[in-house]
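Quick note on labels: first sequence line is chain A, next is B, and so on, each numbered from 1.
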Number of protein chains: 2
Amino acid sequence: MLVERSTKTKESLKMPADTRDKILQAAFTRLSSQGYENTSIKEIAEEAGVAQGLVHYYFKSKQQLVLAVLMDVCAKLEIYGPELGEAGALAAFENFKSVLRTRRDAHNLYVELIGVGLHDREVGTGIRDDIRRHRGEVEDIARQVLAQREVDPGPARAIASVVWGAILGIIVQSLVDEDFNSDEAVDALAAMALSAVYPGTQSA
Amino acid sequence: MLVERSTKTKESLKMPADTRDKILQAAFTRLSSQGYENTSIKEIAEEAGVAQGLVHYYFKSKQQLVLAVLMDVCAKLEIYGPELGEAGALAAFENFKSVLRTRRDAHNLYVELIGVGLHDREVGTGIRDDIRRHRGEVEDIARQVLAQREVDPGPARAIASVVWGAILGIIVQSLVDEDFNSDEAVDALAAMALSAVYPGTQSA
DNA sequence: AGCCTGTGATTGAATGACCAATCAATGTTG
DNA sequence: CAACATTGATTGGTCATTCAATCACAGGCT
C-alpha cells in the first residue's frame, strides 16, 4: 500500500505524496504568517489549491496537520555542523546567527506552537519531544567541550538546558522586538557558555 | 465621579471597580488554565458571575481584556529584591527558582500570550513592551555586578538579553516538560552569568 | 423627609460570522 | 471494475460584539 508509491517514479500516475506536500507547504505558509488560530483548514486548502475535504483526507485533524508541519520544518532546521568540541560549538553559534535572520517564519510557527501546546495535549507532546531532542543535541556538544577540557562532564545537562533556553529566548526577543540586537546576544551567549566556570560534582 | 467611590466605604453602594477586578480575576483563571483561544468571553463572564455584555462594558475587546490581565499579573510578579550587585543577582536567581514552582499559571499565560502576540498587533506591542521592561531590570542588575567588579559595563545589555532569554527558556521547558529539572538549570544559569568572561573585559 | 430624574451599571437575547469535521458523490487510474 | 483521490456542500457548533431594555443610586428639588 504505502510502499508501492516509492517503487514507482512515473509522473503519469497520481502522486498523493505531492498533494500531501503541497498541503504541508501551504499550511506552513499560512500558519507561520497568520498563526494557528487565525488559520482555517479552508484557507490552507485554498492556498494549496485543493478542496477543503482533501486536507482532512490526508490529516485526520488540524492538530495532526500542524504537527506534521512542525516535523517537516524541524527536519530542515539543522544548525549543527560537522565540527566537534569547542570549534563545533562556535560554528553552531555562528550558524544560529544567520538562521535567526533567514528563518523568521519557521521560528514564528515554532514559538506560536509552544503556546498552543500548553493547552492542547496533542500539540503539547509533539512540542515537548521536539524540545527534548534539540536540548539533547546541545547537550552532546556541551559534553564534547567538557571532555575536550578534561573536566567533569556532570553539568552538561544543566548547561544544555540553559543554552537551549537562551536560544529560545533570543529567538523570541528577535521575533517580538524589531530593535533587538540578536548578533550581540548570540555572541554574549557563546562567551557565557564557553568561558563560565561550573560547579563540579560538589555543588556550590 | 471617580473620587467619590474611594470616599465611601459602605458596601451597600455599587462598586464598579470590584466588578472590574472580578472580571480580571476570572479572566486570569480561565485564560491561564485553558488558553487564549479556548476561552470565550461567555466563560469568563460565567466565572465572574456577571452577564456576558458586562465584560465588553469594561473592556472594549477581548485583546484589551487580555492585556489588562497581563499587566495585572506582571505587577504582582516581582522577583528582584532590595540587595544590590552580585548579592542581588544571586538573590534574584534564588527567588526565580521558587517563582518557577509557585506561579505556573502566570507563566502559562505569559508564554501563550507571546505566541498570540506574534500575530495580533494589539497583544504583540503589549508583550514587546513588557519584555523590554523585564530585560531592562535584568540589565540594571548586570550593570551593578559589572560596576562592583570595576570592569567595562559595555556588555551589560547583551548579557541581559541572554539572561532574560534563558529565564524565558527555562520557564518554557519547565512548563512543557514534567521531568525538567529547573533548579539545576537556574543554578547553571547563575554560574554562567556570574563567572563568564565577556569580550572587552579582563577576568575577575 | 419624600419624589424625580439622569447617569452609570447590568442584563441577556440577537446578530452575523466563522470553523472543523463529515459525507455522499464524482473523478481517475491501474 | 475496484481502490484510491478529490470535491464541495452540509452539519452542528462556537464565538466576539452589539444593543435595547432594565436596574440602582446620587443628588437636586419640593
Whole angstrom is fine here: how far is it from [atom1] in [X] over to [atom2] in [N]?
| X | N | atom1 | atom2 | answer |
| --- | --- | --- | --- | --- |
| B:Q34 | D:dC15 | CD | C1' | 14 Å |
| B:K42 | D:dT17 | NZ | P | 16 Å |
| A:N38 | D:dT14 | CG | P | 20 Å |
| A:H56 | D:dT10 | NE2 | P | 18 Å |
| B:Q64 | D:dA16 | CD | P | 15 Å |
| B:E46 | D:dC15 | CD | C1' | 13 Å |
| A:D18 | D:dA5 | CG | P | 12 Å |
| B:Q63 | D:dT17 | CD | P | 6 Å |

>> Could you measure the distance from the CD1 atom of B:I159 to the CE atom of B:M192? Nearest 0.5 Å is fine.
In response: 11.5 Å
> Out of C:dT10, C:dT11, D:dT17, which nucleotide sits closest to the side chain of B:A51?
Replying inline: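 My answer, after comparing the listed nucleotides, is C:dT11.
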>> Which nucleotide wins on minimum distance to the side chain of A:S61, given the candidates C:dA21, D:dT17, C:dA20?
In response: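 Minimum distance to the A:S61 side chain belongs to C:dA21.
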Under 4.0 Å: is that the gap between some side-chain N or O of [X] and OP1 or OP2 of [N]?
| X | N | value |
| --- | --- | --- |
| B:K62 | D:dA16 | yes |
| A:T19 | D:dT6 | yes |
| B:Y57 | D:dT17 | no |

> Is there a donor on the side chain of B:Q52 or the base of C:dA13 sitting less than 3.5 Å from an acceptor on the other?
Replying inline: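 Answer no: no donor N or O sits under 3.5 Å from an acceptor.
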> Want to settle it: does A:L54 or A:E43 sit nearer the 5' end of DNA chain C, counting the closest nucleotide to each?
Replying inline: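 Nearest-nucleotide comparison on DNA chain C picks A:E43.
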> What is the nucleic acid contact for A:I41, judged by heavy atoms within less than 4.0 Å: base, sugar-phosphate only, or nothing?
Replying inline: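 The answer is sugar-phosphate, as A:I41 gets under 4.0 Å only of primed atoms, P, OP1 or OP2.
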> So, is the end of the A:K62 side chain (NZ or CZ) under 6.0 Å from the ring centre of A:Y36 and within 45° of the ring's axis?
Replying inline: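 Yes.
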> Should A:R143 and A:D140 be marked as a salt bridge (charged side-chain N to carboxylate O under 4.0 Å, His left out) after you check the CA-CA gap, both sets of side-chain angles, and the distance that decides it?
Replying inline: CA-CA 5 Å; A:R143 217 171 285 279; A:D140 288 342; 5.1 Å; no
>> Using a strict threshold of under 4.0 Å (side-chain N to carboxylate O), is an ion pair present between B:E178 and A:R128?
In response: no
>> For a quick check under 3.5 Å, do B:Q34 and B:E43 share a side-chain donor-acceptor pair by atom type?
In response: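 Short answer, yes.
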